[in-house]
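A quick note: this is a predicted structure, and the numbers were derived from the prediction, not measured. Chain letters run A, B, ... following the sequence lines, proteins first and then strands; every chain starts at 1.
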There are 2 protein chains.
Amino acid sequence: MPGSSSQVSIEKKHEISGFTLEKTVKLMKLTFSRILLMHQYVDVTVDQWVVMHILCKHQQLSQQELGELTFKDAPTITRIIDLLVQKGLVIRSTDEKDRRRFMIKLTIEGIEKYRFIEPIVQEFRAEAYAGISVDELLMLQNTLNKIFVNLSKQN
Amino acid sequence: MPGSSSQVSIEKKHEISGFTLEKTVKLMKLTFSRILLMHQYVDVTVDQWVVMHILCKHQQLSQQELGELTFKDAPTITRIIDLLVQKGLVIRSTDEKDRRRFMIKLTIEGIEKYRFIEPIVQEFRAEAYAGISVDELLMLQNTLNKIFVNLSKQN
DNA sequence: TGCATATTATTAGTATACTAATTAATTAGA
DNA sequence: TCTAATTAATTAGTATACTAATAATATGCA
């Protein structure tokens, strides 16, 4: 019975909650965080590193741009930048064209620290994705993007 | 050249960071949280609801068991339970067999509230997973589990 | 041109996540 | 039986996420 089959599929579909997604992300972040902690030279958190990663890629960005690219809200960006400034890893300077805006960039020390951490990240990813083919990871990416797009329509 | 092909695949694999995973989870949680906020009767956060969900499924659990099943750490469980007790949604009672342990269960009100929220969750999931087949979601689940298992070996 | 509206960053408050430490209770082993 | 080791929950501290509000600045429109 086609209707019965469809009903079963819908119920099966709804069993798959965000729980698996969330706990996997949590474990990834937790593991990566612990790996960072093992290096004495490393004094940045996972999220601080994410910000540094984006800055290294783009050279200089406003806090707003940073927030968009890292998918973090403004107050959180402000706080992360505050901490990175304290650690001497980024510089916050005013934008000549807009006095409300700050431009953020990595210091020399920030770039060096980023470069030190990068291979650690690669190592971590190799472990996380061990035994998973590129095709499978691309499919994962694809499905996640579908979910993201679905929910972006809501916001 | 076989070596060259292998090298390209490895590089491609390492571009896929946890970023897509994390931002999707964040958007899911954020969207769900906003949907909950739209209902006046609902005064629980996403994470509080997750705890209630597990309690409804298992009737009564220790805090430790709750933490394991929700993948949350002990201090966080303590705080969430504190808030749920304040809201009159769960009861915390001592375990007769072990005086260090508390047993947690939903109140009548807690069960009612859970029942009220459940269809909201289903609705949310339907939106998040729109246009995604059951097979694709199962593959998603499968890949996530592989990552989880990979990293569980580290901890 | 002037003012209403929008924007950028910050502050404050609440909730959650993680580490470290502590206390009281339980377990394991000599 | 006694004690060292382990366990369950809590407290404290730091970091991040989200909402709401605010002040200063920029933009849009009459």
Donor-acceptor pair, distance only, cut-off 3.5 Å: does the side chain of B:Lys23 make one with the backbone of A:Thr70? no

Which residue lies toward the 5' end of DNA chain D, A:Lys29 or A:Arg100, if each is placed at its nearest nucleotide? A:Lys29

From CZ of A:Phe102 over to P of D:dA24, roughly how many Å is that when rounded to an integer? 13 Å

Show, in sequence, the C-alpha distance, side-chain angles and deciding distance for A:Ile77 and A:Ile81, and conclude whether the side chain to side chain contact (heavy atoms under 4.5 Å, CB included) test is met. CA-CA 6 Å; A:Ile77 288 288; A:Ile81 299 293; 4.0 Å; yes

For A:Asp73, answer base if it contacts any base atom (sugar-phosphate contacts may also be present), sugar-phosphate if it contacts only those atoms, and nothing otherwise; contact means non-hydrogen atoms under 4.0 Å. base

Under 4.0 Å, counting only non-hydrogen atoms across every strand here, what does B:Ile77 touch: a base, just sugar-phosphate, or nothing? nothing

Just call it for A:Thr45: base, sugar-phosphate, or nothing, with non-hydrogen atoms closer than 4.0 Å on any strand. sugar-phosphate

A:Tyr41 and A:Phe116 aromatic ring geometry - parallel, tilted or perpendicular at 30°/60° bounds: perpendicular

Strictly below 4.0 Å, N to O, side chains only: are A:Asp47 and A:Lys72 in salt-bridge contact? yes

Under 4.0 Å from any heavy atom of chain A: name the first and the last nucleotide of DNA chain C that qualifies, 5' to 3'. C:dA6 to C:dT19

B:Lys26 to A:Phe71, cation-pi by 6.0 Å centre distance and 45° axis angle: no

Ranking A:Glu65 and B:Gln48 by the position along DNA chain C of their nearest nucleotide, the one closer to 5' is A:Glu65

Ionic contact status for B:Glu136 with A:Lys146, cut-off 4.0 Å: yes

